[in-house]
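Structure record follows, encoded as structure tokens.
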Amino acid sequence: MRIRTAVFPVAGLGTRFLPATKTVPKEMLPVVDRPLIQYAVDEAIEAGCDTLVFVTNRYKHAVADYFDKAYELEQKLEKSGKSELLGLIRDVLPAHVRAVFVTQAEALGLGHAVLCARPVVGDAPFAVLLPDDLIWSRGRGALGQMVDLAGRSGASVVAVQDVPPEQTSSYGIVAAEAFAEGAGRIRAIVEKPRPEQAPSTLAVVGRYVLSARIFDHLASIRAGSGGEVQLTDAIAALLASEPVLAYRFAGRRFDCGSRIGLVEATIRYALDHEDLADEARAYMRAALSE
Ligand code: G1P
């Protein structure tokens, strides 16, 4: 199983970051010097994807502009011999990778956003990455680990992590069979259950490798939690005919859909950054003792 297509649902409103997101899509908020969407794109490319499908809405031109070629800027940098900067903007999307933009005309939910990508994805298995979930890892990226597992097992794979019981209502929650080598077969999956109804505290994180049969379920399920078409509900339907694995990835996930998550990610990446680590560490020490 080779996963070549990655879908990025980027049509969300980002109300938690207002007023910044009045004009800047939340996927364009930076962590150090790169927008969130770039981290997810790099993870997908590292995992072997070469077709990136962005599901956007009419307010998200900035995402398409970002991946477009910036002719004037490139010419200017070329003329002034600033090859390092030139490399930085060219690396946004390597030459072998193509970006496709699909519009989600109505905000009908994550499942509906993924369904909008169907004409581009076709019949092959594909990946979904939610750029809000930033996954930091020193080795192979989380999606790469999942693609490897999908290749070995032939099954769909959903990333999971343990969360405190009181947080189950913010996530898809899975009940899985015993885990071996980080993965366990999912028996049940439910979107945002209250703690007393949750089958476990194992939460879905925004990385999926899915069989294309998910589209039939997305097309036929009804609106679920929050009145939206939920990807989780389509996965629940898929379980009846195919195995789906829950996978505890190696790496650390930052919930950059929340303000504190974005702050934590910024600190983590600054501490890990070649140019910034020493100053960032010194400043943090000083700030904590103020
Ligand atoms: C979405 C999914 C949910 C998943 C979460 C991970 O929810 O619907 O199942 O656990 O992403 O970040 P959202 O955070 O978009 O409400």
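Read the numbers this way: they start at 1 and go in the same order the structure lists the ligands and their atoms.
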If we only count heavy atoms from C-beta on, is the S200 to I173 side-chain gap below 4.5 Å?
yes
- Task: Give yes if a backbone or side-chain nitrogen or oxygen of E191 is under 3.5 Å from a nitrogen or oxygen of ligand 1, and no if not.
- Result: yes
- prompt: What protein heavy atom sits nearest atom 16 (O) of ligand 1, and how far away is it?
  reply: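 The closest heavy atom on the protein side is K192 NZ, 2.5 Å.
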Please work out which of the three classes, parallel, tilted or perpendicular, describes the rings of W136 and Y269, given edges at 30° and 60°.
->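 Y269 and W136: perpendicular rings.
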Give the ring-plane orientation class for F101 versus F67, where under 30° counts as parallel, over 60° as perpendicular and anything between as tilted. tilted
Between T232 and E191: side-chain donor-acceptor atoms closer than 3.5 Å
yes
Atom 1 (C) of ligand 1: of L130, V163, I235, V158, the nearest heavy atom sits on L130
- Where does V204 meet ligand 1, judged by heavy-atom distances below 4.0 Å: at the side chain, the backbone, both, or neither?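 Both backbone and side chain of V204 come within 4.0 Å of ligand 1.
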Checking heavy atoms under 4.0 Å, the part of D255 that sits near ligand 1 is neither
Heavy atoms of P125 and I3 approach each other most closely as CB-CD1, 3.7 Å
Here the pair of heavy atoms bringing Q230 nearest to S225 is NE2-O, 2.8 Å
- Does ligand 1 have any atom sitting under 4.0 Å from a heavy atom of D133?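 Contact present.
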- Task: Ignoring hydrogens, tell whether any protein atom lies closer than 4.0 Å to atom 11 (O) of ligand 1; use the non-hydrogen atoms only.
- Result: yes
So the atoms of ligand 1 within less than 4.0 Å of a heavy atom of Q230 turn out to be 8 (O)
Ligand 1 to T232, heavy atom cutoff 4.0 Å, flagged ligand atoms 9 (O)
According to a hydrophobic-cluster definition based on side-chain heavy atoms being under 4.5 Å apart (Ile, Leu, Val, Met, Phe, Trp, Tyr only), do V160 and F254 belong together?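 The answer is no; the residues belong to distinct hydrophobic clusters.
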